[in-house]
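Presented below is the structure to which this report refers.
Side chains included, hydrogens not; waters and symmetry mates left out as well; all remaining heavy atoms used. Each chain gets a letter, A, B and so on, in the order the sequences are listed, and its residues count up from 1.
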2 protein chains.
Amino acid sequence: MSGFPALNHDHGHCRADGLAAAEKLCEERGTRLTPLRRQVLDVLLAQHRAMGAYDIAQEMGAQETGVAEGSSKRAPAAMTVYRTLDFLMSMGLVHKLESLNAFIACAEPGETHPVQFLICRQCGRVAELESEAITETVTRAAQKVGFEVDAPVIELTGRCPDCRQAARA
Amino acid sequence: MSGFPALNHDHGHCRADGLAAAEKLCEERGTRLTPLRRQVLDVLLAQHRAMGAYDIAQEMGAQETGVAEGSSKRAPAAMTVYRTLDFLMSMGLVHKLESLNAFIACAEPGETHPVQFLICRQCGRVAELESEAITETVTRAAQKVGFEVDAPVIELTGRCPDCRQAARA
DNA sequence: CAATGTTCTGTTAGAATGTCACATATAGGG
DNA sequence: CCCTATATGTGACATTCTAACAGAACATTG
Ligand SMILES: [Zn+2]
Ligand SMILES: [Zn+2]
Ligand SMILES: [Zn+2]
Ligand SMILES: [Zn+2]
């Protein structure tokens with residue numbers, strides 16, 4: 001699925017799907033989706049937005065744990081978050097947005113195709129594109145000057161359909 | 001000119017052209033190419049590579065000034081460099097490479113077309129592409145999902161022709 | 001189970017990148 | 001020359017990311 005989800009879509013579904021896909025992938029590859037890793041991924045899955053590593057840590061600290069009210073686990077150290085993000089990225093479950101120094105849950109885990117990002121400057125939502133046309137055009141244009149691309153970074157900032165709609169009103 | 005320059009090209013020419021273009025642009029727009037700004041730009045023009053702001057500062061500190069041997073001006077503070085880079089970017093004389101947190105002198109100042117970057121992971125050189133095909137394809141693919149792009153970030157890491165050639169030997 | 005090696009997490013410190021606020025200097029226009 | 005806008009200096013600080021080492025959890029083997 002490419003592009004931005006509807007504003008009122010069933011996001012619980014996105015989230016559950018994301019976690020399920022993660023479990024499946026780790027199972028298949030013999031890696032471990034530990035509680036920490038799952039929690040970091042879940043924080044990212046909570047919104048279609050990118051978060052900095054420190055924001056993730058803070059959010060994890062804020063989440064109440066256990067039944068006792070007010071009980072909250074301490075936020076993990078930055079190092080821990082970065083390590084966990086490295087793992088999730090190596091699994092293709094999380095992407096880094098270089099232009100934001102921030103991270104986002106992958107929308108289509110399992111696929112390994114090169115991906116482009118659409119970043120709405122207004123609402124902050126991020127969507128993935130998997131345009132074969134873009135990938136091909138870029139690869140070909142580079143080839144034309146003898147360059148061999150192996151890590152394309154394509155991040156398009158602008159306005160999403162919903163924010164354009166709102167502006168028009 | 002798109003793509004990587006020949007390894008043995010006359011780089012003094014690149015550098016002189018870059019400075020000349022900068023003077024012309026600032027003249028036209030009524031802005032001032034002060035000694036500081038000129039010096040920062042010149043440091044970037046010295047190579048077809050990207051440099052971090054702190055590297056630029058250090059390089060400026062290292063450059064000898066005046067005739068007395070060993071005399072070197074102190075490196076400017078980070079803030080000064082960032083401010084100067086902001087100016088040069090606003091003039092279109094310098095670009096920021098988001099995926100490297102680094103800056104590079106524009107290869108075609110004056111042009112305001114959207115640009116793509118080719119970054120050689122091996123030799124570190126960076127070339128600009130001005131592929132109309134890429135720009136169009138990207139814009140169109142975004143439009144197809146209702147997204148309006150206004151700041152594309154396209155940075156392609158890989159291997160340049162010369163490094164590929166060297167590897168093949 | 002016990003011993004052992006591997007992977008994962010905690011912790012501390014520090015490097016690298018970027019910004020704020022305020023002081024000073026400099027250029028240009030009456 | 002004075003005044004104002006612009007440019008630069010300076011110090012502190014915020015943010016992002018990494019290195020190094022210690023301890024915990026897990027898996028494997030004898
Ligand atoms: Zn959703
Ligand atoms: Zn939006
Ligand atoms: Zn050159
Ligand atoms: Zn190269």
Side-chain angles (χ1 to χ4, degrees), chain A residues 22-23 26-27 29-44 49-61 63 65 72-91 93-104 124 153 155, chain B residues 22-23 26-27 29-44 49-61 63 65 72-91 93-104 124 153 155:
Chain A
E23 293 201 355
C26 289
E27 173 74 20
R29 303 182 195 169
T31 56
R32 297 184 339 200
L33 188 63
T34 65
L36 179 66
R37 289 165 175 178
R38 167 188 281 272
Q39 198 192 353
V40 167
L41 178 59
D42 189 53
V43 165
L44 285 176
R49 286 183 173 79
M51 296 179 73
Y54 284 81
D55 296 330
I56 294 171
Q58 185 179 339
E59 178 62 26
M60 289 170 71
Q63 284 178 10
T65 170
S72 57
K73 58 184 84 167
R74 282 214 326 281
M79 184 70 251
T80 300
V81 176
Y82 280 106
R83 256 189 319 226
T84 307
L85 288 169
D86 281 344
F87 169 82
L88 293 170
M89 285 192 289
S90 77
M91 289 288 114
L93 294 164
V94 163
H95 300 295
K96 176 167 189 184
L97 295 184
E98 299 290 348
S99 62
L100 298 178
N101 295 321
F103 304 84
I104 188 163
V153 169
E155 301 175 5
Chain B
E23 294 201 355
C26 290
E27 173 75 18
R29 302 182 195 169
T31 56
R32 298 183 349 209
L33 188 62
T34 64
L36 179 66
R37 289 166 176 176
R38 165 189 284 271
Q39 197 191 355
V40 167
L41 178 59
D42 188 53
V43 165
L44 284 177
R49 286 183 173 79
M51 297 180 72
Y54 284 80
D55 296 329
I56 294 172
Q58 185 179 337
E59 178 62 26
M60 289 170 70
Q63 284 179 8
T65 168
S72 59
K73 57 183 84 166
R74 282 214 326 281
M79 184 70 252
T80 300
V81 176
Y82 280 107
R83 257 190 315 228
T84 307
L85 288 169
D86 281 344
F87 169 82
L88 293 170
M89 286 192 288
S90 77
M91 290 288 114
L93 293 165
V94 162
H95 300 294
K96 174 167 190 183
L97 295 184
E98 299 290 347
S99 62
L100 298 178
N101 294 322
F103 304 84
I104 190 165
V153 170
E155 300 175 5

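Considering only side-chain atoms of B:M79, the nucleotide from C:dC8, D:dT8, C:dA21 that sits closest is C:dA21. Of the listed nucleotides (D:dT16, D:dT10, C:dT19), D:dT16 has the atom at the smallest distance from the side chain of A:Y54. Among the nucleotides D:dG9, D:dA7, C:dT19, the one closest to any side-chain atom of B:Y82 is C:dT19. Of the candidates C:dT19, D:dC17, D:dT10, D:dC17 carries the atom nearest the A:N101 side chain, counting heavy atoms from C-beta on.
One can place CG of A:D86 at 15 Å from C1' of C:dT7, the figure rounded to the nearest angstrom. Going from atom CE of B:M60 over to atom C1' of D:dT8 covers 11 Å, rounded to whole Å. Straight-line distance from the CG atom of A:L36 to the P atom of D:dG23: 20 Å, rounded to whole Å. Atom CZ in A:R37 sits about 15 Å away from atom P in D:dA25, given to the nearest Å. Atom CD of A:Q39 and atom C1' of C:dG10 are 15 Å apart (whole Å). D:dT15 atom P lies 15 Å from atom CE of A:M51, rounded to whole Å. Note: CG (B:L33) to C1' (D:dT6) measures 15 Å, nearest angstrom. If you take CG of A:L100 and P of D:dC17, they are 11 Å apart, rounded to a whole angstrom.
B:N101 places a side-chain heavy atom less than 4.5 Å from the side chain of A:N101. Looking at heavy atoms from C-beta onward, B:D86 lies in side-chain contact with B:M89 at the 4.5 angstrom threshold. When side chains are defined from C-beta on, B:R29 counts as touching B:M91, because their heavy atoms get closer than 4.5 Å.
A close approach under 4.0 Å does not occur between any side-chain nitrogen or oxygen of B:T84 and OP1 or OP2 of D:dA7. At least one side-chain nitrogen or oxygen of A:R74 sits closer than 4.0 Å to the OP1 or OP2 atom of C:dT11. Side-chain N/O atoms of A:K96 include one lying less than 4.0 angstrom from OP1 or OP2 on D:dC17. Between A:R32 and D:dC26 there is no side-chain polar atom (N or O) within less than 4.0 angstrom of OP1 or OP2.
Here B:T80 lies in heavy-atom contact (under 4.0 Å) with a base. Within 4.0 Å (heavy atoms only), A:F87 reaches no atom of the nucleic acid at all.
Of the residues A:L85, A:D55, A:V81, A:L97, the one that meets the side-chain contact (heavy atoms from CB on, under 4.5 Å) test with A:F103 is A:L85.
In this model, a side-chain donor or acceptor of B:R83 finds a partner on the base of D:dG9 within 3.5 Å.
In terms of modelled atom types and a separation under 3.5 Å, the side chain of B:R37 and the main chain of B:F87 share no donor-acceptor contact.
Comparing B:P76 and A:F103 against DNA chain D, the residue whose closest nucleotide sits nearer the 5' end is B:P76.
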